[in-house]
Amino acid sequence: MPDNAPRKIIHVDMDCFYAAIEVRDNPTLTGKPVAVGGSAEERSVLCTCNYPARKFGVRSAMATSHALRLCPDLIVLPVNMKKYREAATIIHDIFREFTPLVEPLSLDEAYLEVTDSKHCQGSATLIAKEIKARIRESVGITASAGVAPNKFLAKIASGWNKPNGLFVICPQDVTHFVKDLKVEALHGVGKVTTEKLHRLNLKTCSDLQKIPLSELTEQFGKRGLQLYQQSRGIDNSPVEPNRIRKSLSVERTFSEDIPIDSDCDIILNHLHQMLMTRIKEHAADRKIKNQYIKIKFNDFKLTTLERTSHAPTIEEYIKLFQEISQHELRAIRLIGIGVHFINEDKSPMRIQQSLL
Ligand code: TTP
Ligand code: MG
């Protein structure tokens, strides 16, 4: 393959992963609204829900009590990580049957580079179809796949026709595809950047394409170059099979800023529950160096505070929160909590295992 030939990247993402496994194991639930998470009595949040539940507005990370108000018939099942991890092991093995260049993003999601693959006559689209069929056959759930010349577009493509979707963006279609793409679909563009782009009347990638790089860098700092490239469908980042995670965090942005003296224990408890699930999922065998909290205020300034810790506790997060809040008057826009890992020298095999 010549150096300048377009790459062939596939992004695969299971549909409503935890919920799909639960419905697979109890077919009487088929078609009913099903979620996986903690109970309303425990003041917990949902990990995910199936597509029938999404019709009612139920979403991942929503408080279970809120979800039940939106959808009173919602069936909320407890988390069964062992089952999801077993399914994920089979899924990731299927990926590696097609290419060694697999970059896992989570239990249910990965990038695959198949530029030089000899499978399916070298057709990335046929490989994606085959992978979807193999997952359905071996695990009994559906996946969505996106095929594109880079990671950023492949990820957008996999979400395009969810669930059970397959969407292909050929190199010659990239310019046309990004034209009407909304800025909020771009990688790294959250609520704040979207608001700022909208204030500048930049709603789609074709709006962004009209702005010179120098102006984007002035307005958005380092993010400017990424916006410039993504709006043209460019992303040169490689598929990295052995990427080592340095940290893991969860966060919540409030629809309205909350006063600094609010009782944030419930919010911190929810976040802590989510964080512990994520650690179990993605980094069960990693050693933790410290636990940290980040708070973004209504003026968008960010404050972080960390403490050495080998096992992050809710009590310590509450203390960190109190230390920041006691001298503070500004209202809060976002709270996030996380951990940093000790950087151990790991063989690629162990890194793959640590995800599953
Ligand atoms: P996602 O791929 O984000 O969601 P999903 O597979 O449930 O649904 P979709 O069809 O939109 O891809 O996450 C994969 C799993 O990770 C999900 O099934 C449950 C878990 N998860 C959490 O535990 N908490 C969360 O906030 C999110 C977003 C996911
Ligand atoms: Mg998914």
Side-chain angles (χ1 to χ4, degrees), residues 1-13 59 103 105 109-115 124-125 128 144-162 165-240 243 251-257 294 296-302 333-334 336:
M1 194 66 63
D3 269 357
N4 57 356
R7 291 182 296 155
K8 296 177 190 173
I9 312 291
I10 306 176
H11 178 257
V12 188
D13 186 339
R59 294 286 180 271
E103 179 180 328
L105 293 177
E109 205 184 327
Y111 290 114
L112 284 69
E113 165 139 19
V114 295
T115 312
T125 306
S144 293
V147 181
N150 61 50
K151 285 171 36 171
F152 145 66
L153 289 173
K155 182 148 178 151
I156 292 183
S158 74
W160 213 246
N161 285 331
K162 244 182 185 299
L166 172 61
F167 191 78
V168 181
I169 305 172
C170 297
Q172 64 271 26
D173 299 337
V174 169
T175 310
H176 181 72
F177 179 82
V178 293
K179 211 165 51 79
D180 296 327
L181 193 65
K182 297 215 164 41
V183 290
E184 51 267 45
L186 301 182
H187 182 67
V189 175
K191 212 170 146 197
V192 179
T193 314
T194 304
E195 279 168 12
K196 187 165 172 187
L197 287 164
H198 284 184
R199 274 199 305 277
L200 296 166
N201 217 10
L202 302 171
K203 303 254 164 71
T204 64
C205 285
S206 32
D207 296 337
L208 259 179
Q209 284 174 15
K210 298 189 187 103
I211 313 299
L213 174 60
S214 55
E215 203 172 309
L216 286 175
T217 322
E218 204 173 294
Q219 288 281 349
F220 297 93
K222 273 189 290 185
R223 190 70 65 70
L225 176 62
Q226 207 185 3
L227 289 171
Y228 183 87
Q229 292 185 325
Q230 285 190 29
S231 66
R232 288 161 175 78
I234 300 169
D235 169 23
N236 296 320
S237 61
V239 171
E240 295 180 285
R243 206 156 58 99
E251 61 185 41
R252 176 159 167 205
T253 305
F254 303 104
S255 44
E256 279 173 34
D257 299 341
K294 59 178 176 184
K296 196 183 269 177
F297 294 101
N298 56 355
D299 58 0
F300 296 111
K301 296 260 162 55
L302 190 72
R333 187 181 167 80
L334 170 152

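Predicted model only: the values in this text are computed from it and were never measured.
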Would you say the side chain of Leu208 lies within less than 4.5 Å of the side chain of Leu216, judging by non-hydrogen atoms? yes
When rounded to the nearest 0.5 angstrom, what is the spacing between NZ in Lys8 and CD in Glu113? 10.5 Å
For Asp235 against Arg7, the heavy-atom pair lying closest together: O-NH2, 3.0 Å
Working note: Ile234 + Val174, criterion side-chain contact (heavy atoms from CB on, under 4.5 Å); need CA distance, chi angles, decisive distance, verdict. CA-CA 9 Å; Ile234 300 169; Val174 169; over 6 Å; no
Using modelled atom types and a 3.5 Å cut-off, is there a donor and acceptor pairing between side-chain atoms of Ser144 and backbone atoms of Gly165? yes
Using a cut-off of 6.0 Å, state whether more than 12 heavy atoms not belonging to Lys191 lie near its atom NZ. yes
Trp160 side chain near Ile169 side chain, heavy-atom distance below 4.5 Å: no
Using the side-chain contact (heavy atoms from CB on, under 4.5 Å) rule, take Asn161 and Leu166 through it: C-alpha gap first, then chi angles, then the decisive distance, then the call. CA-CA 7 Å; Asn161 285 331; Leu166 172 61; over 6 Å; no
Atom SG in Cys170, atom CZ in Phe177: separation rounded to 0.5 Å? 12.0 Å
Close side-chain approach of Val239 to Leu112, heavy-atom, < 4.5 Å: no
CG on Asp13 to NZ on Lys155, rounded to 0.5 Å: 7.0 Å
Are more than 12 heavy atoms, taken from residues, nucleotides or ligands other than Gln172, located less than 6.0 Å from that residue's CD atom? yes
Check whether any side-chain heavy atom of Phe220 sits under 4.5 Å from a side-chain heavy atom of Leu197, and report yes or no. yes
Would you name the heavy atoms of Leu202 and His198 that are closest together and state the gap between them? O-CD2, 3.6 Å
Drop me the distance from Ser206's OG to Arg232's CZ, to the nearest 0.5 angstrom. 11.0 Å
Glu240 side chain to Glu103 main-chain N or O, any donor-acceptor pair under 3.5 Å? no
Between Lys151 and Pro238, is there a donor-acceptor pair closer than 3.5 Å when you use the side chain of the first and the backbone of the second? yes
To the nearest 0.5 Å, atom CD of Glu218 lies from atom CD1 of Ile211 at 12.0 Å
Quick one: does Leu181's side chain get under 4.5 Å of Leu186's, heavy atoms only? yes
Nearest heavy-atom pair of Leu153 and Gly233: which atoms, and what distance? CD1-O, 3.7 Å
For Lys196 and Gln219, indicate whether the former's side chain and the latter's backbone hold a donor-acceptor pair under 3.5 Å. yes
Identify the heavy atoms of Ile10 and Ala128 that sit nearest to each other, and give their distance. CD1-N, 4.0 Å
Taking side chain as C-beta onward, heavy atoms only, is Asn150 less than 4.5 Å from Asn236? no
In terms of heavy-atom contacts, Gly146 and Ala157 come closest through CA-CB, 3.6 Å
Measuring from Glu195:CD to Glu184:CD, what's the distance to the nearest 0.5 Å? 11.0 Å
Keeping the roles fixed (side chain from Thr204, backbone from Lys182), state whether a donor-acceptor pair exists under 3.5 Å. no
Cation-pi between Arg252 and Phe254: NZ/CZ under 6.0 Å from ring centre and within 45° of the ring axis? no
Does atom NE2 of His176 have more than 12 heavy-atom neighbours from other groups under 6.0 Å away? no
Which atom pair, heavy atoms only, marks the closest approach of Thr194 to Val189? OG1-CG1, 3.4 Å
When you measure from the side chain of Glu251 to the backbone N and O of Leu334, does any donor-acceptor pair fall under 3.5 Å? no
